[in-house]
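Chain letters run A, B, ... following the sequence lines, proteins first and then strands; every chain starts at 1. Every value quoted in this text rests on a predicted model; they were computed, and no experiment measured them.
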There are 2 protein chains.
Amino acid sequence: MRIGELAEQAGVSTRALRYYEEQLLLSPQRTSGGQRVYPETAVGRVKIIRQLYAAGLSSRLIAELLPAIDARSMEPELLDRLSAERARIEAKAAELQAASRRLEVLIGLATHPDTESCPASLDPGPSGARRDNSPTSGVGTDAELPSLRRVPAYST
Amino acid sequence: MRIGELAEQAGVSTRALRYYEEQLLLSPQRTSGGQRVYPETAVGRVKIIRQLYAAGLSSRLIAELLPAIDARSMEPELLDRLSAERARIEAKAAELQAASRRLEVLIGLATHPDTESCPASLDPGPSGARRDNSPTSGVGTDAELPSLRRVPAYST
DNA sequence: CTAGAACTTGACGTCGGCGTGAAGTGCAAG
DNA sequence: CTTGCACTTCACGCCGACGTCAAGTTCTAG
């Protein structure tokens, strides 16, 4: 199959496919005229690639990972790097959830009628799964936000 | 106080402070010579800005948010956008966690001795808090990954 | 007065995963 | 042969929050 068909079947753009090839994730054959020819298996392969991208992996790491998946065999060192990546992704997810909780507090302050003087420390607190205290580009000590109330919203 | 001192006290770079000003998040006064002069309150303000950045907000949204925080009063429309932002951040966090679970599966496949023919569907499944089925730049239908085993690692 | 630290504006670099032309070539149908 | 779509390579654009020179100015201590 050629690039257009693969793009459609895999649900990606032709530009993306050429980019993947540039990143050595795909190695299609060529016709005598220079056009790319992919095997049927390429559809699944592209989907796997998308999965790995969606997992936050860089094209570099994916390029190293794919041969291992093909060979059904992984070097321990690569396995370690994969674990490290997963840890980073987990940390990022946790950070985002903490951020979401902070926003939730802020929204709550503006949504509720001013319920007492709620101490809005905007500190997410250790409510999640924080294993380490790595920097994670930390936002230092937390600042306080003043209380908010919703504006009456005149009859617009 | 001048920019260097503020930078140190707030824990950011002077470049960042100038960038914040460019984004209309800060509006310091100037000396006759043109140097920036910040009030003491700027320290807290910068920390709040950092919090909002950490919450995944864009400088554009922060710029609209800060006056509301200053005025302790928020327009409902702005509140809605804030909620939408929070929803997006939540979705992103959930997506990352799903990705992390996928990686965990992949790592597990390579780590365990080949425990039976475990059907590695790499489907995160509904194990988390997925409220909606919004696109979230979805990776379409899930692909299968073959099983893996760890390579013996010769005595290196 | 002078050294030099701290400051100023300006502008280009970064990182990644593509989007989006531009200009030319391959291929199948009528 | 010709139309015309799919394809090719090349290469710049983009987004965002700054980092990082570069060259000039201001402030402060001695």
Engineer: Which residues pass the salt bridge (charged side-chain N to carboxylate O under 4.0 Å, His left out) test with B/Glu8, sequence neighbours left out?
Structural biologist: none
Engineer: Name every residue in residues 27-43 of chain B that has at least one heavy atom under 4.0 Å from any atom of DNA chain C, in order of residue number, or write none if there are no such residues.
Structural biologist: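 DNA chain C contact set from residues 27-43 of chain B: B/Arg30, B/Gly34, B/Gln35, B/Arg36.
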Engineer: Within the 4.5 Å heavy-atom criterion, are A/Asp70 and A/Arg45 side-chain neighbours or not?
Structural biologist: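 Sidechains of A/Arg45 and A/Asp70: in contact.
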Engineer: At a heavy-atom distance below 4.0 Å, which nucleotide of DNA chain D is the first touched by chain A, and which is the last?
Structural biologist: D/dC7 to D/dA11
Engineer: Looking at every heavy atom in both B/Ser13 and B/Ala7, which two are closest together, and how far apart are they?
Structural biologist: C-CB, 4.1 Å
Engineer: Considering residues at least two apart in sequence or located in another chain, which fulfil the side chain to side chain donor-acceptor pair (under 3.5 Å) criterion with B/Arg18?
Structural biologist: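 If we apply the side chain to side chain donor-acceptor pair (under 3.5 Å) test to B/Arg18, skipping adjacent residues, there are no hits.
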Engineer: Give, ordered by number, those residues of residues 57-67 of chain A having at least one heavy-atom distance below 4.0 Å to an atom of DNA chain D; if nothing qualifies, reply none.
Structural biologist: none
Engineer: Mind checking what makes side chain to side chain donor-acceptor pair (under 3.5 Å) contact with B/Arg81, not counting sequence neighbours?
Structural biologist: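 By the side chain to side chain donor-acceptor pair (under 3.5 Å) rule, B/Arg81 matches B/Glu64.
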Engineer: Can you name the closest pair of heavy atoms from A/Ile89 and B/Ser100 and give their distance?
Structural biologist: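 Nearest heavy atoms, A/Ile89 then B/Ser100: CG2-CB, 4.1 Å.
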Engineer: Mind jotting down which residue pairs meet the ring-ring contact (aromatic ring centres under 6.0 Å, His included) criterion with at least one end in residues 1-21 of chain B? Sequence neighbours excluded, please.
Structural biologist: B/Tyr20-B/Tyr53
Engineer: Under a 4.0 Å heavy-atom cut-off, which of residues 4-23 of chain B touch DNA chain C?
Structural biologist: B/Gly4, B/Arg15, B/Arg18
Engineer: Report, one pair per line, the protein and nucleotides 28-30 of chain C atoms (nitrogen or oxygen only) whose separation is under 3.5 Å.
Structural biologist:
none

Engineer: To check you understand the geometry: which heavy-atom pair defines the closest contact between B/Met1 and B/Glu40, and what is its length?
Structural biologist: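 That closest heavy-atom pairing would be CE-OE1, 4.4 Å.
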Engineer: Throw together a table of side-chain donor-acceptor distances under 3.5 angstrom for residues 22-30 of chain A, partners on residues two or more places apart or in other chains.
Structural biologist:
residue, atom, partner, partner atom, Å
A/Gln23, OE1, A/Ser59, OG, 3.4
A/Arg30, NH1, A/Gly34, O, 2.8
A/Arg30, NH2, A/Glu21, OE2, 3.1

Engineer: Let me know the distance between CG of A/Leu24 and C1' of C/dG16, rounded to the nearest Å.
Structural biologist: 16 Å
Engineer: Please report the closest heavy-atom contact between B/Glu85 and B/Gly56, naming both atoms and the distance.
Structural biologist: OE1-O, 4.1 Å
Engineer: What residues form a side chain to side chain donor-acceptor pair (under 3.5 Å) with B/Arg60, not counting sequence neighbours?
Structural biologist: none
Engineer: If you define the side chain from C-beta out and look only at heavy atoms, does anything of A/Val12 sit under 4.5 Å from A/Arg50?
Structural biologist: yes
Engineer: Hey, are the side chains of B/Ile48 and B/Ile62 touching, using non-hydrogen atoms and a 4.5 Å cut-off?
Structural biologist: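 Answer no - side chains too far apart.
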Engineer: Among residues at least two apart in sequence or on other chains, which ones pass side chain to side chain donor-acceptor pair (under 3.5 Å) with B/Tyr38?
Structural biologist: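 Residues passing side chain to side chain donor-acceptor pair (under 3.5 Å) with B/Tyr38: none at all.
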Engineer: How close do B/Thr14 and B/Ile3 get, heavy atom to heavy atom, and via which atoms?
Structural biologist: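 The pair with the smallest heavy-atom distance is O-CD1, 3.7 Å.
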